[in-house]
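Working notes, structure below.
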Amino acid sequence: MERLKIYQATDPTCGWCWGNEPLIRALDYLYGEKIDLEYIMGGLVEDITTLYHTDGNTEQKIKEANRRIHANNLAAAARHGMPVSREPMTLYTEQYRSSFPQNIAYEAAKRIDIYKAKRMLRRLREATLLEGKRTSQMDQLVEIATQVGLNAAEFLEQYTSGDAQADFMQDRMRCQRNGINGFPSYVAIANSTKVILSGYQHLSTLHNVIARLSGGKIKPRRIGPTLRNVATFIKHYESAFPVEIEVAFSLDKAKTDLMIDTLLKEGKIEAEAVGNGTRLRYVSQRKKSKAVATD
């Protein structure tokens with residue numbers, strides 16, 4: 001059987017793509033090596049001044065676009081559950097009008113290390129939508145690249161060589177060929193059969209698509225929603241947000257909150273307020289022992 005591939009057509013600055021991170025993590029955690037999860041960079045904003053039909057000069061148009069995007073992100077977060085920055089957005093300026101640099105940065109990282117590129121995409125989303133950073137700036141891109149373990153000089157070489165930009169243009173053409181004009185969208189392929197899903201998706205939909213394309217042969221792992229398994233999930237990804245636990249373990253919010261509170265009281269995890277939500281981190285035994293010794 002041909003290996004089943006699922007592609008997310010995406011942009012690192014897209015609020016609804018950020019909102020579908022729980023789906024991506026659940027697919028990765030539950031299916032692992034059984035499927036290939038990849039990305040197609042679509043390039044959401046070529047020039048922010050043309051995104052909305054607004055009056056005024058360039059500065060006013062950019063200011064209004066930032067305001068609208070931030071309002072949309074807050075409204076979307078209330079629905080999908082992933083936290084976003086409370087602070088007004090300043091992602092776009094007269095100098096930084098496009099989200100193309102973030103897309104090209106992913107392509108540059110991918111040419112070096114596909115696994116670190118995926119981690120970089122996650123960090124780009126966090127830095128942009130949760131931390132409010134202007135991630136189109138080169139210093140921010142280099143900082144994020146080094147955070148995920150890439151060599152700064154190698155990343156810069158790939159970013160400026162022109163090859164990463166060419167890869168990005170190929171990805172945009174691929175979106176056009178598949179009729180994709182909104183993000184996120186999904187392309188699932190196996191045995192010459194292709195399924196395209198437009199927009200934000202639920203895990204149950206992808207379960208059904210995977211079962212259909214694999215003839216029922218590819219199934220998710222059965223992982224019970226125990227405290228130990230939830231702590232292991234957080235440890236595996238280094239950090240997580242409550243809704244990611246909800247989706248991966250098919251829990252409701254009340255049950256998720258109860259498990260998080262228990263793990264916090266037991267000292268297994270720690271919580272950090274970020275944006276309008278909470279980031280959870282696993283607490284290693286070494287860290288706990290060091291804290292006790294210090295006390």
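All residue numbers in this chain count up from 1 along the given sequence.
Using a 4.0 Å cut-off between charged nitrogen and carboxylate oxygen, E270 and R281 do not count as a salt-bridge pair. Between E64 and R68, at least one side-chain N (NZ, or NE/NH1/NH2) sits under 4.0 Å from a carboxylate O, which counts as a salt bridge.
Side-chain contact of E59 with N57: a donor-acceptor pair under 3.5 Å is absent, judged by distance alone. Remark: the T135 side chain and the Q102 side chain contain an N/O donor-acceptor pair separated by less than 3.5 Å. For the residue pair T13 and T128, no side-chain donor N or O sits within less than 3.5 Å of a side-chain acceptor on the partner.
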Side-chain donor/acceptor pairs under 3.5 Å, residues 85-92, sequence neighbours excluded:
residue: S85; atom: OG; partner: E87; partner atom: N; Å: 3.1
residue: R86; atom: NE; partner: G275; partner atom: O; Å: 3.1

For residues 192-205, please give each side-chain donor-acceptor pair under 3.5 Å, one per line with the distance, not counting sequence neighbours.
residue: K194; atom: NZ; partner: N178; partner atom: OD1; Å: 2.9
residue: Q201; atom: NE2; partner: S198; partner atom: O; Å: 2.9
residue: Q201; atom: NE2; partner: G199; partner atom: O; Å: 3.1

Salt bridge (charged side-chain N to carboxylate O under 4.0 Å, His left out), that's the test. Do E131 and R279 meet it? Break it down for me. CA-CA 12 Å; E131 299 164 13; R279 178 188 281 131; 3.4 Å; yes
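In terms of heavy atoms, V45 sits closest to R97 at CG1-O, 3.6 Å. Summarising the geometry of L124 relative to P12, their closest heavy-atom pair is CB-CB, 4.0 Å, with the distance given to 0.1 Å.
For the pair K34 (side chain) and P220 (backbone), a donor-acceptor distance under 3.5 Å is absent. Looking only at distances, no side-chain donor or acceptor of N20 sits under 3.5 Å from a matching main-chain atom of L23. Looking only at distances, a side-chain donor or acceptor of N276 sits under 3.5 Å from a matching main-chain atom of V84.
To the nearest 0.5 Å, atom OG of residue S98 and atom CG of residue L51 are 11.0 Å apart. Here Q170 contributes atom CD and Q165 contributes atom CD; the two are 12.0 Å apart, rounded to the nearest 0.5 Å.
Cation-pi contact between R122 and Y237: absent, since separation from the ring centre below 6.0 Å together with deviation from the ring axis within 45° is not met.
Applying the side-chain hydrogen bond (donor to acceptor under 3.5 Å, both in side chains) test to pairs two or more places apart or on separate chains, those with a residue in residues 111-121 are R111-D167.
Ring-plane geometry between W16 and H80 is classed as perpendicular, the angle between the planes exceeding 60 degrees on a 0 to 90 degree scale with a lower cut at 30.
With a 6.0 Å radius and a threshold of 12 heavy atoms from other residues, nucleotides or ligands, K133 has its NZ atom above the threshold.
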